[in-house]
Amino acid sequence: MSELIHISVAWPYANGDLHVGHLAGALLPADIFARYNRLKGNRVLMVSGSDAHGTPITVEADKRGISPREFFEHYHRRSLEAQKKIGISHDLFTHTDTENHIRVAQDFFLLLLKADALYRKIQRQLYSETEKRFLPDRYVEGTCPYCGYTEARGDQCDNCGRLLDALDLIDPHSKIDGSKPIVHETEHFFLDLPKFSDALLEYIETHAVHWRPNVVNFTRNYIEGGLKGRAFTRDINWGVPVPLKGWEDKHIYVWFEAVMGYISASIEWAQLNGHPEAWKDWWYDPAAKIYCFIGKDNIPFHTIFWQAELMGVKRIYEDDESKQLNLPFNVPANEFMNIEGAQFSKSRNWAIWMPDILTRYDPDAIRYYLTAAMPEARDSEFSWSDFLNRNNNELVATWGNLANRVLSFAYKHWDGRVPEPGELRPEDQELLAKIEAGFDQVGKLFESVKLRAAMREAMRLAQAVNAYLDRAPWFSVIKQDKLSAATTVFTALRAIDSLKVLFSPFLPFSTEQLHMTLGYDRPLYGEQRIETVQDDDRAHDVLVYDSSKASGKWKPSELKAGQLLQKPKPLYKKLDESLVEEECALLGS
RNA sequence: GGCGAGGUAGCUCAAUGGCAGAGCAGGGGAUUCAUAAGCCCUUGGUUGGGAGUUCGAAUCUCCCCCUCGCCA
């Protein structure tokens with residue numbers, strides 16, 4: 001039975017390149033999960049985009065003397081390239097500064113206002129006269145009123161650890177230009193979260209049964225601790241303008257606006273595909289399942305605030321009052337990936353950047369390691385020596401070598417064709433039955449979003465094929481009893497053909513190569529393309545996934561004897577241990 | 001400071017009250033189709049520290065230490 005699966009992937013902030021944290025935290029698990037569901041025959045809609053708004057982008061753009069738009073578009077384009085190379089198969093990866101997104105976010109705002117989910121409140125905030133703008137708390141520095149530390153930030157004192165109100169800082173000054181800010185009053189809209197408290201708890205009790213414990217506990221506790229209204233608008237001159245007269249200078253708070261992108265991107269996808277209403281299948285059919293793939297820092301936004309927004313508007317671009325927007329079905333948040341024993345840090349360049357490592361390593365080698373070390377249950381560690389070992393000892397040695405040894409042997413002894421087997425012996429049937437059962441076992445792990453375990457299970461099956469080959473007659477009998485050898489090689493080829501499917505969500509590039517080597521002509525997966533979309537006034541670049549040529553199915557091999565093989569080539573490269581020292585030297589430089 | 005998660009073998013990680021496991025690394029063995037790959041066997045643990053509950057604790061409770069996230 002075909003299911004509707006929506007995959008909402010956290011929007012990477014476009015103030016820098018993608019790094020392994022983005023991949024391991026959200027992008028890669030989402031892609032693996034999407035590919036599995038496509039193979040299962042489910043209707044998948046996976047969307048995301050670059051988060052283009054917010055203060056850090058304006059600050060960086062100012063530093064470089066360019067516009068925020070020019071600044072984020074640079075990183076957006078690099079993000080598209082990197083994700084295409086590593087095979088993150090978004091049906092649409094767009095950004096939040098499109099005319100479509102701005103329109104949707106503004107309509108969302110107006111619906112929330114109409115639903116009485118927003119209220120107005122006047123605040124006092126620090127204002128920079130030199131920059132003609134309000135200063136976010138973390139861009140203010142001054143003396144801590146408690147401990148006297150002179151470099152306390154507006155939100156927190158790093159010396160005594162106390163939380164501060166920027167207005168309490170002694171001798172406050174702007175971190176950007178050192179000028180002294182003054183106190184201004186400013187009015188804002190707030191999202192009335194307490195109003196949704198009961199409904200949110202109810203949602204957690206009914207929906208979160210199968211969620212990861214850390215996500216449920218954190219969320220329940222957060223709500224039970226008492227929700228407070230949160231500022232929904234900001235004094236910033238970059239973002240989605242508040243669509244009300246007299247409010248033109250204020251913009252919707254970037255966090256609240258970015259999550260709306262899951263809907264705006266679904267709408268954009270539907271329009272690009274010529275079925276403008278198609279997005280509603282995922283957002284209004286109660287049977288559709290929405291999965292949010294995010295990092296742990298994002299949990300409250302995807303388990304509380306986004307739900308409150310959806311509950312608040314109830315429906316958008318839909319007149320039928322019996323319909324209601326779907327709430328996320330699961331939020332499989334990942335923890336963080338540290339690097340060589342220390343936290344990721346952009347300022348110290350303690351980071352592994354995707355565009356950079358993609359110049360040196362194959363995408364599947366990176367995908368294999370990031371999945372094996374994925375922070376599903378707790379923070380995990382990226383270590384270059386571990387990367388080397390897992391690549392050489394697991395990916396190359398166990399799985400790559402298995403495919404290569406069998407294919408080379410078959411190609412050499414049966415004129416480049418799949419051999420005609422004799423009757424299958426008990427050990428052949430046993431192996432094939434084991435592999436067939438793997439589709440259910442690995443599938444179950446996918447359903448509960450345990451991707452590390454799923455890949456390990458596939459690897460265990462590859463080991464079982466190696467063990468089978470150790471006992472079965474083939475190279476030792478090729479001269480005397482070619483039929484026996486043919487039966488073994490046929491069985492092993494079928495096993496490899498099945499393993500190719502099991503591994504393909506994790507390793508889409510190499511399994512596609514293997515698929516072709518095995519003599520198929522239609523690819524397992526669709527094609528990714530970077531395209532330019534023309535809006536009313538502007539244009540923007542997107543990454544799309546075209547599934548029209550995809551033929552992969554989540555089911556055991558039916559490889560036929562006589563099928564013409566292509567000359568096999570190794571699927572993976574063994575890496576030299578010198579890389580460990582070289583890569584570590586690049587960290588922090 | 002409050003809340004949440006985590007600390008398990010050399011490394012990366014499993015194990016939610018019932019004999020502490022896996023992969024890799026390390027050691028030994030029989031092999032040669034294959035990228036010196038694969039297969040079989042195997043050495044490693046006072047589960048961060050302390051106290052308690054229990055017939056039984058990595059797991060539950062309390063205290064302490066350390067790491068991460070959110071509140072910010």
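All chains are named by letter (A, B, ...) in the order of the sequence lines, taking the proteins before the strands, and each is independently numbered beginning at 1.
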Give me the distance, rounded to whole Å, that separates [N] from [M] when you measure between the [atom1] atoms they each carry.
N      : M      : atom1 : answer
B:rU31 : B:rC41 : C1'   : 14 Å
B:rG4  : B:rC64 : P     : 15 Å
B:rG48 : B:rC11 : P     : 14 Å
B:rU59 : B:rG17 : P     : 12 Å
B:rA57 : B:rU46 : C1'   : 14 Å
B:rU8  : B:rA20 : C1'   : 8 Å
B:rC70 : B:rU54 : P     : 41 Å
B:rG18 : B:rG23 : C1'   : 26 Å

To the nearest Å, how far apart are [X] [atom1] and [N] [atom2]?
X        : N      : atom1 : atom2 : answer
A:Leu514 : B:rA34 : CG    : P     : 18 Å
A:Asn221 : B:rC70 : CG    : C1'   : 11 Å
A:Ile304 : B:rC71 : CD1   : P     : 11 Å
A:Phe409 : B:rU32 : CZ    : P     : 13 Å
A:Tyr468 : B:rC33 : OH    : C1'   : 14 Å
A:Asn217 : B:rC68 : CG    : P     : 21 Å
A:Lys450 : B:rG23 : NZ    : C1'   : 18 Å
A:Ile496 : B:rC33 : CD1   : C1'   : 12 Å

Which is more 5' along RNA chain B, the nucleotide nearest A:Leu469 or the one nearest A:Phe301? Just name the residue.
A:Leu469
Tell me if the CD atom of A:Glu577 is crowded by more than 12 foreign heavy atoms within 6.0 Å.
no
More than 12 foreign heavy atoms under 6.0 Å from NZ of A:Lys573: is that the case here?
no
Nearest to the side chain of [X], which nucleotide is it out of [options]?
X        : options                : answer
A:Asp379 : B:rC68, B:rC70, B:rU12 : B:rC68
A:Arg456 : B:rC70, B:rA22, B:rC13 : B:rA22
A:Gln343 : B:rG4, B:rC68, B:rC33  : B:rC68
A:Tyr222 : B:rA5, B:rC71, B:rC13  : B:rC71
A:Asp386 : B:rC70, B:rG69, B:rU12 : B:rU12

Which residues share a side chain to side chain contact (heavy atoms under 4.5 Å, CB included) with [X], sequence neighbours left out:
X        : value
A:Ser476 : none
A:Pro29  : A:Phe293, A:Asn334, A:Met374, A:Leu451
A:Ala231 : A:Phe190, A:Arg234
A:Asp192 : A:Tyr119, A:Pro194, A:Lys195

Of A:Arg124, A:Gln125, A:Gln123, the residue whose pairing with A:Glu185 passes side-chain contact (heavy atoms from CB on, under 4.5 Å)
A:Arg124
Pairs in or reaching into residues 453-466 of chain A: which pass salt bridge (charged side-chain N to carboxylate O under 4.0 Å, His left out), with residues at least two apart or in two chains?
A:Glu394-A:Arg456, A:Glu457-A:Arg460
Any strand counts, and the cut-off is 3.5 Å on both contacts for Watson-Crick or G-U wobble. Which nucleotide pairs with [N]?
N      : result
B:rG23 : B:rC11
B:rU47 : none
B:rG6  : B:rC66
B:rG1  : B:rC71
B:rA30 : none

Tabulate protein N/O versus nucleotide N/O from nucleotides 26-28 of chain B, keeping only pairs under 3.5 Å, one per line.
none

For [X], answer base if it contacts any base atom (sugar-phosphate contacts may also be present), sugar-phosphate if it contacts only those atoms, and nothing otherwise; contact means non-hydrogen atoms under 4.0 Å.
X        : value
A:Arg212 : nothing
A:Ser380 : sugar-phosphate
A:Arg460 : nothing

Output yes if the stacking criterion (under 5.5 Å between centres, under 30° between planes) is met for A:Phe475 over the base of B:rC33, else no.
yes
Anything under 3.5 Å between a donor and an acceptor, one on a side chain of residues 401-419 of chain A, the other on a protein residue two or more places apart or in another chain? List them.
{"residue": "A:Arg405", "atom": "NH1", "partner": "A:Asn466", "partner atom": "OD1", "Å": "2.8"}
{"residue": "A:Ser408", "atom": "OG", "partner": "A:Asn404", "partner atom": "O", "Å": "2.5"}
{"residue": "A:Arg417", "atom": "NH1", "partner": "A:Gly562", "partner atom": "O", "Å": "2.8"}

Does anything in residues 360-378 of chain A come within less than 4.0 Å of RNA chain B? Heavy atoms only, and list the residues if so.
A:Ala377, A:Arg378
For RNA chain B, determine which residues of residues 19-33 of chain A have any heavy atom closer than 4.0 angstrom to one of its atoms, and list them numerically.
none
Report, as a single string ordered 5' to 3', how protein heavy atoms within less than 4.0 Å touch nucleotides 35-41 of chain B: B base, S sugar-phosphate only, - not at all.
B-SBS--
Ion pair present between [X] and [Y], side-chain N to carboxylate O less than 4.0 angstrom?
X        : Y        : result
A:Glu205 : A:Arg220 : yes
A:Asp497 : A:Arg494 : no
A:Arg390 : A:Asp386 : yes

Should the pair A:Tyr222 and A:Phe218 be assigned to parallel (<30°), tilted (30 to 60°) or perpendicular (>60°) ring geometry?
tilted
May I ask you to decide if the ring planes of A:Phe256 and A:Tyr253 are parallel, tilted or perpendicular, using 30° and 60° as cut-offs?
perpendicular
By the side-chain hydrogen bond (donor to acceptor under 3.5 Å, both in side chains) test, which pairs, at least two apart or in different chains, include something from residues 335-348 of chain A?
A:Asn214-A:Glu335, A:Lys296-A:Glu335, A:Ser345-A:Ser347
Which donor-acceptor pairs under 3.5 Å do side chains of residues 578-587 of chain A form with protein atoms, sequence neighbours excluded?
{"residue": "A:Ser578", "atom": "OG", "partner": "A:Asp576", "partner atom": "OD1", "Å": "2.8"}
{"residue": "A:Glu583", "atom": "OE1", "partner": "A:Arg360", "partner atom": "NH2", "Å": "3.1"}
{"residue": "A:Glu583", "atom": "OE2", "partner": "A:Arg360", "partner atom": "NE", "Å": "2.7"}
{"residue": "A:Glu583", "atom": "OE2", "partner": "A:Arg360", "partner atom": "NH2", "Å": "3.3"}
{"residue": "A:Glu583", "atom": "OE2", "partner": "A:Tyr361", "partner atom": "OH", "Å": "2.6"}

Determine yes or no for a side-chain-to-main-chain donor-acceptor pair under 3.5 angstrom, with A:Asn330 supplying the side chain and A:Trp211 the backbone.
no
